[in-house]
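All remarks here apply to the structure that follows.
Throughout, protein chains are lettered first and strands after them, A, B, ... in sequence-line order, and every chain is numbered starting at 1.
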2 protein chains.
Amino acid sequence: MKTEHRSGCPINLSLEVFGDRWSLIILRDMIFGGKRHFRELLNGSIEGIASNILADRLKRLMELGMLTKADDPSHKQKAIYSLTEMAITLVPIMAHLGAWGRVWLPVSEELSIRAELLEKGGPPLWEQFMDELRHDHLGTPVAAAGRPSVRATLQAGYEAVVARKASSAGQAAAS
Amino acid sequence: MKTEHRSGCPINLSLEVFGDRWSLIILRDMIFGGKRHFRELLNGSIEGIASNILADRLKRLMELGMLTKADDPSHKQKAIYSLTEMAITLVPIMAHLGAWGRVWLPVSEELSIRAELLEKGGPPLWEQFMDELRHDHLGTPVAAAGRPSVRATLQAGYEAVVARKASSAGQAAAS
DNA sequence: GCAACCGATTGCAAAACGCAATCAGTTTGA
DNA sequence: TCAAACTGATTGCGTTTTGCAATCGGTTGC
């Protein structure tokens with residue numbers, strides 16, 4: 001574990017945790033994509049991470065206290081990666097980052113719909129989502145009280161965009 | 001200019017902008033430290049950036065639209081770097097990043113007092129600070145209406161911590 | 001049994017990084 | 001006037017990180 005820091009500045013220390021090209025991508029896929037296994041992360045992310053980089057980052061994120069690893073009871077070889085509270089509290093930062101990117105960068109519609117919904121939901125939605133993550137990753141009991149899960153809402157929004165795009169593409173092809 | 005992106009995901013695109021060890025540090029020093037010149041950034045940051053890396057990142061941040069460069073009228077050789085609106089709107093992200101780091105990482109008191117004040121001030125303080133930055137970097141007229149500047153508040157907070165630390169260190173030495 | 005899948009590991013080339021020295025032009029101060 | 005200090009960089013060079021492809025031993029489903 002690296003214990004030497006460039007400085008005690010909070011922003012610098014945060015950068016030392018996820019100031020690289022892949023760590024936050026992995027956390028994004030775990031948080032918003034529900035990925036828990038090595039292969040899911042390897043094949044599931046659009047950006048195409050290499051397996052050695054993924055293994056290195058998972059190890060590093062565990063050393064930093066952002067992830068934990070456990071055996072999957074259903075498969076002797078499978079490992080389940082879980083978010084810690086430290087990682088779950090990144091949700092507001094992810095939301096802001098997504099909102100900023102939507103304004104200033106050439107985002108694609110399909111991939112930014114989740115960021116848009118997260119932005120519109122605001123802090124109350126983030127809190128509910130973090131509770132759902134705590135339930136899934138930490139085993140915390142959650143009082144979701146009949147509300148539709150944020151995960152389902154985000155997923156439905158994504159599928160709506162994809163369906164609309166497919167529809168308009170079909171129209172374009174038919175004309 | 002790099003025009004090839006790994007994906008159109010807002011978080012990924014944001015990472016492509018400042019997902020490295022130095023870009024955000026430079027922006028931090030410009031935003032919170034008021035650094036505008038090459039040498040200020042080179043010698044002023046605690047982390048100690050190398051001059052070739054600094055030159056490369058300044059160039060890159062300009063290409064990305066985060067910074068602009070202008071001649072300093074007072075010195076034929078001096079260049080003044082300015083934040084664009086794109087960079088100024090990073091303030092809320094910086095605030096969240098600092099707040100997260102204060103909770104989870106081994107921050108030092110002197111260097112995190114600004115993050116703490118920013119966190120306590122909340123979005124209204126961030127907005128005022130962004131207005132001050134717009135005034136300084138974009139020439140926008142600002143209606144600060146007698147309020148003390150956020151920059152002054154942050155600076156005063158920092159000096160108070162340093163003074164208190166020096167005092168207790170003196171007491172320790174005298175005992 | 002055997003193909004597909006599991007979480008990695010290894011080898012290797014390319015790119016990025018970090019450091020120190022250096023550059024030419026500008027300003028400062030004695 | 002003239003040297004020293006300072007301006008924003010640039011170059012060379014060795015180390016580290018990255019990205020890609022192939023591979024590993026073990027497990028599971030059929």
Rounded distance in Å - [atom1] ([X]) to [atom2] ([N]):
| X | N | atom1 | atom2 | answer |
| --- | --- | --- | --- | --- |
| B:Asn52 | D:dT15 | CG | C1' | 14 Å |
| A:Asp56 | C:dG7 | CG | C1' | 14 Å |
| B:Asp20 | D:dT17 | CG | C1' | 13 Å |
| B:Leu42 | D:dC6 | CG | C1' | 12 Å |
| A:Phe38 | D:dC24 | CZ | P | 17 Å |
| B:Leu54 | C:dC17 | CG | C1' | 14 Å |
| B:Lys78 | C:dG25 | NZ | C1' | 15 Å |
| A:Glu16 | D:dT17 | CD | C1' | 16 Å |

Presence of B:His37 side-chain N/O under 4.0 Å of D:dG8 phosphate oxygens OP1/OP2: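 B:His37 to D:dG8 OP1/OP2: side-chain N or O found under 4.0 Å.
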Side-chain N or O of A:Trp22 closer than 4.0 Å to phosphate OP1/OP2 of D:dT17: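 The answer is no; no side-chain N or O of A:Trp22 sits under 4.0 Å from OP1 or OP2.
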Passing option when B:Glu132 is tested against B:Gln128, B:Arg134, B:His135 for side-chain hydrogen bond (donor to acceptor under 3.5 Å, both in side chains):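 Of the listed options, the one satisfying the test is B:Gln128.
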With respect to the side chain of [X], which nucleotide from [options] is positioned closest?
| X | options | result |
| --- | --- | --- |
| B:Lys76 | D:dA22, C:dC6, C:dT26 | C:dT26 |
| A:Ala50 | D:dC20, D:dT11, C:dC6 | D:dC20 |
| A:Arg39 | D:dT7, C:dC6, C:dC17 | C:dC6 |
| A:Arg57 | D:dT18, D:dA21, D:dG8 | D:dT18 |
| B:Ile53 | C:dG18, D:dT10, C:dG7 | C:dG18 |

5' precedence on DNA chain C between B:Gly48 and A:Gln77 (nearest-nucleotide basis):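 The 5'-side residue here is A:Gln77.
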Which residue lies more 5' along DNA chain C, comparing A:His75 with A:Lys59 via nearest heavy atoms: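 Nearest nucleotide further toward 5': that of A:His75.
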Whichever of B:Ala55 and B:Asn43 has its nearest DNA chain D nucleotide further upstream toward 5':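 Nearer the 5' end of the strand: B:Asn43.
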Would you confirm whether [X], through its side chain, and [Y], through its main-chain N or O, come within 3.5 Å as a donor-acceptor pair?
| X | Y | value |
| --- | --- | --- |
| A:Glu16 | A:His5 | no |
| A:Thr84 | A:Gly65 | yes |
| B:Asp72 | B:Ala79 | no |

Closest non-hydrogen atom pair, B:Arg151 against B:Gly34: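 In terms of heavy atoms, the two residues are closest at NH1-CA, 4.0 Å.
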Sugar-phosphate only, base, or nothing, as touched by B:Lys69 at under 4.0 Å among non-hydrogen atoms: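 It contacts sugar-phosphate atoms only.
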